[in-house]
Amino acid sequence: LVGHRAFYDVDLMVDARVLIPRPETEHLVESALAWARAQHGPVLRIVDVGTGSGAIALVLARHLAQASVWAVDRSAGALEVARANLERYGVASRVSLVQSDLLSELTGPFDLIAANLPYVTSIELPTLAADVLVYEPQLALDGGPDGLSLIERLVFQARDRLACPGLLQLEIDPRQAKRVRELAAAALPDAETRTLCDYAGWERVVRIERRART
Ligand code: GLN
């Protein structure tokens with residue numbers, strides 16, 4: 001079953017191999033674009049971790065013509081969907097697709113690391129809406145016992161892969177905000193962490209920023 005989903009300013013092809021992009025993730029994209037446009041250094045190195053349909057990487061590559069973009073996923077099927085979406089918008093040559101467990105296969109450094117990782121707790125997974133359970137891969141949703149298994153590992157990987165200045169942006173479950181701030185403080189004590197709210201007013205995006213020292 002192949003479908004389409006509008007996301008930011010693109011139309012994405014989606015199928016059972018990927019998470020269907022949600023409107024909440026547009027906040028992450030908007031904030032990433034604003035940050036990237038405010039940088040005045042050399043070419044930005046950007047990575048979308050757990051790219052799925054390619055949504056985040058595609059929009060960032062489209063709007064940041066000067067950036068070098070990587071998109072990683074542990075699912076080979078997801079990378080095929082992402083490639084098709086990147087090709088449709090003519091940016092496939094500017095985005096390197098890599099099969100990788102988070103950033104394990106990449107050394108960086110990156111100026112911008114963006115990720116909408118699986119963050120649903122294993123206990124809550126079976127309670128998601130029936131259509132989610134039927135059409136979306138569990139691999140894209142299951143965040144482990146506390147929902148933070150992947151987010152925690154990525155925050156610690158970012159410690160020596162995030163440039164300065166640099167921004168690590170994560171989509172989260174609002175109930176995880178406090179814990180993610182604690183993880184960020186432990187892994188990147190030199191960074192400044194704040195959260196952005198979604199349309200419903202829930203803390204949905206965490207921004208962990210290394211600011212250039214002046
Ligand atoms: N917001 C999604 C849901 O509740 C979960 C997305 C994710 O795990 N990254 O279905």
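All values below were derived from every heavy atom in this structure, side-chain atoms included, with hydrogens, water molecules and symmetry-related copies excluded. Read the numbers this way: they start at 1 and go in the same order the structure lists the ligands and their atoms. Since this is a predicted model, take the numbers as computed values, not measurements.
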(Q) List the residues meeting side chain to side chain donor-acceptor pair (under 3.5 Å) with R94, not counting sequence neighbours, and say none if there are none. (A) none
Q: Would you mind reporting whether R207 and L167 have side-chain heavy atoms less than 4.5 Å apart?
A: yes
Q) Thinking salt bridges, do D146 and R179 make one under a 4.0 Å N-O criterion? A) no
Q. Who passes side chain to side chain donor-acceptor pair (under 3.5 Å) against D11, sequence neighbours left out?
A. H4, R88
Q: Check whether any side-chain heavy atom of P21 lies under 4.5 Å from a side-chain heavy atom of V14, and answer yes or no.
A: yes
One pair per line, please: each N/O atom of ligand 1 matched with every protein N/O atom under 3.5 Å away, atom names first, then the distance to 0.1 Å.
{"from": "ligand 1", "atom 1": "1 (N)", "to": "Y119", "atom 2": "OH", "distance (Å)": "3.1"}
{"from": "ligand 1", "atom 1": "8 (O)", "to": "Y119", "atom 2": "N", "distance (Å)": "2.9"}
{"from": "ligand 1", "atom 1": "9 (N)", "to": "N116", "atom 2": "OD1", "distance (Å)": "2.8"}
{"from": "ligand 1", "atom 1": "9 (N)", "to": "L117", "atom 2": "O", "distance (Å)": "2.7"}
{"from": "ligand 1", "atom 1": "10 (O)", "to": "R22", "atom 2": "NH2", "distance (Å)": "2.7"}

(Q) Taking side chain to side chain donor-acceptor pair (under 3.5 Å) as the definition, give me every residue that meets it alongside N85, ordered by chain and number, with sequence neighbours left out. (A) none
